[in-house]
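Here is the structure we will look at, set down as structure tokens.
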Amino acid sequence: MPWVDTSTLDRKALNSSDNQQVYCGLDSAVTVEVLGELRQLFNQPPAIYNFERALQAPYLEMMQRGWLVDELSRRAASTMLRERLEHLLQKFHLLTSAICDRTINPASPKQLKELLYDSMRLPEQQISFKGTRRVSTNREALEKLEVYLYARPLVSLILSIRDIEKQLSVLETEIDSDSRFRTSYNIAGTETGRPSSSENAFGTGGNAQNISPALRFVLIADPGMRLCQIDLEQVEARDVGWFEGVLFDDWRFLNACESGDLHTNNSKLIWPELPWTGRAGEDRKIAERLFYRDFSYRDMAKRGSHLSNYSGTAWTASRALKVPLGIMEEFQARYCRGRAVEQRTGLGAIEPAYPGHPRYWQWVSQQIQTIGWLTTPFGRKRHFFGRQDSGETLREAIAYLPQSTTADRMNLGLWRCWKYMPEIQLLGQGFDSITFQFDEGLSVDKVVGRALELIRVELKHAGRSYIVPGEAKIGWNWGVVVTPEDVARAKTANKRLSRLNPDGLIKWKPGIKDSRQRATGLKRIMT
DNA sequence: GACCCCCGCCAC
DNA sequence: AAACGTGGCGGGGGTC
């Protein structure tokens, strides 16, 4: 289409294709106009802007490359889950047809409400979320209904059906004809600088950042290649510790993060009645015992401390961790809140382990109410436009600094690996992790060692140097060798644990001899 | 059938 | 009284 004056253009007279070109032109023109305004506002673009632009290359490369899917395993798992789903649905319909005279769709919250709260006359379960309370049929509501014996079979069926349908929706995502899962990364879409991941522009693939660990085994290295995933260890917690050190010269939390096993120590704080021995290895094993569903005590402590770091209340932690409120109040008193909860817990004066946390929250609150913005150590500035005195705004701001710092730290590491290691091929970014593949003929130690070096981002303050160590895993598929479910299943069946996913990721250490041979064909059987 | 919001739920 | 944050997706169920 030639140049046109859009102000005098009769767009109704245009055909669809020409109209789209006009729209495209207008959209581009607006972007250019905005750029012009920004150039007047800033002499030079902020460094973080140039960084975002530099990230386009590695992210586009990941998006184009995609990630090979093991079709055989994927179909086998999907078939097995379909069969199990059919079986459960039959049971569900048998039960519900006896209760009310129609077919209930377990995927419909509306129909479930009618079934549970009208036909069965169970008490309505109110769930509060973001300030509003509403009647719900979510997992939390259903679990509350389990006190009614006659509700139990239904609750268990609904939850199992939901779980399987969720897994199927991931396994049955449409992928490309070359068997590759291609996600679309948006590197400038979030408030914090995290990338987001979604279905690609051609309608295939999906969010690669929320695939549950139990399903990751379907994503594999290309033939002749090996996978490596590098995680930043407890990165957000360490960042909170760093801020407290820099701001208040209080290094206690960072020291704790750096000195040993933070989450096991927190487990000891929350559940002092477990048979702790004082020996690190044994205590970690105790902390890794299953506590609730697939979660170990250690997992729960990890979530509890994470919540508490971000000013989550004992009430919320108790709800999320399924631990009685009193227990969480005591945990928080000892963990960071100290005397703030003294009266309610009746514990008397408590010297908390990490009083820097409330102090950090206080500092953030003061920043928001005076200047209205925060800047991370990587120079990412965010204005907070919410009400300056609202708890909601404060909580966003408290989470912003560590979350954003982690995003930029990981992305800087990702960019460096892309720039300086042509021998690796990036496959994915998972907020505090990256995954790549490299030729099996290369030295694992050399490649992984170099990537770990490049991931190190050093910050300095008053003579103290701060880095977040990376932890590497290697294998041929993205799954874990043994899932927590496998462990639980072996335990209930009183059987020895067998390696169910021999190609999965195992921890890398310098000099490790990974004597495994890549398996061919279908190895993993979902039971 | 396209579109949108709600609900429930997955990740870090 | 309210009660950590950042995201994306699929299905239901409504409207146009």
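Keep in mind the model is a prediction, meaning the values are calculated, not measured. Order of the sequence lines sets the chain letters (A, B, ...), proteins ahead of strands, with each chain counted from 1.
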Between A:E172 and the options A:R74, A:R75, A:R82, the side-chain hydrogen bond (donor to acceptor under 3.5 Å, both in side chains) test singles out A:R82

Decide whether a cation-pi geometry holds between A:R194 and A:F431; the criteria are a distance under 6.0 Å from NZ or CZ to the six-membered ring centre and an angle within 45° of the ring axis. yes

May I ask you to say what A:T173 touches in the nucleic acid, namely base, sugar-phosphate or nothing, with a heavy-atom cut-off under 4.0 Å? nothing

Any side-chain N or O of A:N105 under 4.0 Å from OP1/OP2 of C:dG11? no

Nearest to the side chain of A:R139, heavy atoms from C-beta on, is which of C:dG11, C:dG8, B:dC9? B:dC9

Classify the nucleic acid contact of A:T406 as base, sugar-phosphate or nothing, counting any heavy atom under 4.0 Å across all strands shown. nothing

Nearest of C:dA3, C:dT6, B:dC12 to any side-chain atom of A:R382? C:dT6

Under 4.0 angstrom between A:S212 side-chain N/O and B:dC10 OP1 or OP2: no

To the nearest angstrom, how far is A:K110 atom NZ from C:dG10 atom P? 24 Å

Any idea which of C:dG5, B:dG8, C:dG7 is nearest the A:K166 side chain? B:dG8

Would you mind reading off the distance between A:L394 atom CG and C:dA3 atom P, rounded to a whole angstrom? 12 Å

Rounded to whole angstroms, how far apart are CH2 on A:W361 and P on C:dG5? 13 Å

Rounded to whole Å, how long is the line connecting atom CG of A:N210 with atom P of C:dT6? 17 Å

Are A:R84 and A:E86 close enough for a salt bridge, meaning some N to O gap below 4.0 Å? no

To the nearest angstrom, how far is A:E199 atom CD from C:dG7 atom C1'? 16 Å

Which nucleotide in the list B:dC9, C:dG7, C:dG10 gets nearest to the side chain of A:N207? C:dG7

Would you kindly give the CG-to-C1' distance between A:L168 and B:dC10, to the nearest whole Å? 14 Å

Nucleotide nearest A:R134 when distance is taken to its side chain, options B:dG8, C:dA3, C:dG11: B:dG8

A:V155 and its side chain to side chain contact (heavy atoms under 4.5 Å, CB included) partner, picked from A:I158, A:L157, A:L159: A:L159

Does A:S169 make a side-chain N or O approach to OP1 or OP2 of B:dC10 shorter than 4.0 Å? no

Closest approach to the side chain of A:S198, judged atom by atom: which nucleotide of C:dC9, C:dA3, C:dT6 is it? C:dC9

For B:dC7, take OP1 and OP2 only and decide whether either is under 4.0 Å from a side-chain N or O of A:T137. no

Distance, rounded to the nearest Å, where A:Q234 contributes CD and B:dC12 contributes P: 15 Å

Decide if the gap between the ring center of A:F181 and the ring center of A:W67 is smaller than 6.0 angstrom. no

Can you name the closest pair of heavy atoms from A:G205 and A:T173 and give their distance? O-CG2, 3.3 Å

Quick one: the side chain of A:Q403 and the base of C:dG5, do they pair up donor-acceptor inside 3.5 Å? yes

In this structure, how many angstroms lie between the C1' atom of C:dG11 and the CD atom of A:E165, rounded? 9 Å

Does C:dG13 have OP1 or OP2 sitting under 4.0 Å from an N or O in the side chain of A:Q111? yes

Report yes if at least one side-chain N or O of A:R194 is closer than 4.0 Å to OP1 or OP2 of C:dT6; otherwise report no. no

